[in-house]
Peer 1: 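My structure is below; once you've seen it, I'll send some questions.
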Amino acid sequence: LEQIAYVNGAFVPLSEAKVSVLDRGFLFADGIYEVAAVLDGKLIDNASHLARLQRSVGEISLALPESLDRIQEIQKELVKRNSLVNGMVYLEVTRGADSGRDFAFPKADVKPTLIMFTSVKDIVNAPSAKTGIGVITVPDIRWARRDIKSVALLAQVLAKQAAAEANAGEAWMIEDGKVTEGGSSSCFILTQDDVIVTRQNGSEILPGCTRKAVVKLAEERQLRVEERAFSVEEALAAKEAFITSATVFVQAVVSIDGKKVGNGKPGPMTDRLREIYVDFARATAV
Ligand code: PLP
């Protein structure tokens, strides 16, 4: 059965889901995206993703073509039409297709493009959750507004391709000697004195929805959390390291550039936070 996608008001088979070559998402990466996980047919932490969507479009003066409530309805409808049990819903909004290729914003009558599609992934039972992943480090060559979830992901494409070629599961991006974030994830370490450290939000990183939830859940359990930058050396001297994202939840990192973190296995704090997050996800799914 062919997958169903959403394009500007219509639910269509994926092979027929198309936008114009003049779409500004295609020409200029003039667009914003979001990814929400689906667990047992329900959206995970979706209010947080929609709030970030609203913030991102606001930062680039792009008006959403639908209300957030309507967007969530469409997400749910798409999950239903695809009989999706476990996986994710991708959504993208761009500044639409103008009559040519002008850098400046189009005139008001050009409608933004809104598309969505789904994909299947068993996040909870992913084998990498048990084994952990290795990561490599690469220079962070991105633009200065990484807090905006823009579709301009070329730097991350190159970073994650380098990781794939090195048989690593993620690339950690480095700037001024410190880890900014993963190619598509937030980075954490657990220090030798049991402090969970993750970089503070700011224009240097995307404010991860999963990161935000994990920090809150950890603090509610009286675990010590520090939001500050850390270096690869500090990560290699840590007890544990992990990443978070909508499509991995909490994922252990067991090596960096081929060097072991801790004993080279997923640690107890990572496993615990993963369980806590999965419980939170199930309890708050919509
Ligand atoms: N950082 C970057 C650069 C990302 O692309 C992502 C997700 O794609 C994340 C962090 C994690 O964010 P979230 O937990 O909201 O998926």
Side-chain angles (χ1 to χ4, degrees), residues 29 31-39 43-57 59 75 87-93 116-119 121 123-124 126 129 133 135-163 169-175 178-189 196-218 227 229-230 241-251 253 270 273-274 276-278 280-281 284-285:
I32 301 295
Y33 75 108
E34 269 302 331
V35 178
V38 173
L39 203 58
L43 296 163
I44 302 307
D45 209 8
N46 200 45
S48 187
H49 288 281
L50 293 181
R52 186 173 63 188
L53 172 67
Q54 187 154 56
R55 179 185 180 275
S56 288
V57 295
E59 290 299 305
Q75 288 173 299
M88 59 107 169
V89 181
Y90 175 89
L91 80 82
E92 178 171 335
V93 55
M116 296 186 205
F117 58 83
T118 62
S119 68
K121 183 183 179 189
I123 302 171
V124 172
I133 58 165
V135 303
I136 60 161
T137 59
V138 298
D140 195 334
I141 60 169
R142 295 175 300 161
W143 73 326
R145 289 300 308 278
R146 302 158 191 163
D147 55 311
I148 299 170
K149 199 163 171 67
S150 121
V151 294
L153 294 172
L154 186 54
Q156 280 116 306
V157 166
L158 299 177
K160 290 180 81 92
Q161 175 61 21
E170 176 61 301
W172 279 17
M173 297 182 284
I174 312 295
E175 185 172 61
K178 301 284 190 309
V179 177
T180 52
E181 59 188 329
S184 59
S185 58
S186 311
C187 302
F188 289 74
I189 57 172
I196 299 162
V197 179
T198 188
R199 193 176 177 114
Q200 71 279 12
N201 282 330
S203 55
E204 303 80 17
I205 64 167
L206 183 78
C209 293
T210 320
R211 172 197 178 285
K212 183 180 174 185
V214 166
V215 165
K216 182 160 178 278
L217 292 164
E227 298 185 50
F230 60 87
F242 58 95
I243 57 172
T244 63
S245 82
T247 57
V248 301
F249 293 173
V250 176
Q251 164 67 60
V253 169
T270 303
L273 289 172
R274 183 175 173 85
I276 290 169
Y277 184 81
V278 171
F280 156 84
T284 58

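Keep in mind the model is a prediction, meaning the values are calculated, not measured. Counting begins at 1 with the first residue of the sequence. For ligands, and for the atoms within them, numbers begin at 1 and follow the listed sequence.
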Peer 1: Tell me which pairs pass salt bridge (charged side-chain N to carboxylate O under 4.0 Å, His left out) where either residue lies in residues 151-160, with sequence neighbours left out.
Peer 2: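 Matches after skipping sequence neighbours: K160-E170.
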Peer 1: Quickly, which of T180, L206, I205 forms a side-chain contact (heavy atoms from CB on, under 4.5 Å) with R146? Name it, please.
Peer 2: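 Exactly one candidate clears the test, T180.
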Peer 1: Going by side chain to side chain contact (heavy atoms under 4.5 Å, CB included), name the residues that satisfy it together with T137, two or more places apart in sequence or in a different chain.
Peer 2: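 Side chain to side chain contact (heavy atoms under 4.5 Å, CB included) list for T137, sorted by chain: W172, I174, V232, I256, D257.
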Peer 1: Heavy-atom cut-off of under 4.0 Å around ligand 1: list whichever protein residues fall inside it, by chain and number.
Peer 2: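 Only Y33, H49, R52, R142, K149, Q156, E181, G182, G183, S184, S185, S186, L206, G208, C209, T210, T244, S245, A246 have heavy atoms that fall under 4.0 Å of ligand 1, ordered by chain and number.
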Peer 1: Can R52 and E34 be counted as an ion pair, charged N to O under 4.0 angstrom?
Peer 2: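 Judged by the 4.0 Å cut-off on N to carboxylate O distance, R52 and E34 do form a salt bridge.
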Peer 1: Holding to side chain to side chain contact (heavy atoms under 4.5 Å, CB included), I want the full list of residues that pass it with A51, two or more places apart in sequence or in another chain.
Peer 2: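 Here no residue qualifies.
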Peer 1: With a 6.0 Å cut-off (strictly less than), is the heavy-atom count around NZ of K212, excluding the residue itself, greater than 12?
Peer 2: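 No - once you tally the heavy atoms of other residues, nucleotides and ligands closer than 6.0 Å, there are 12 at most.
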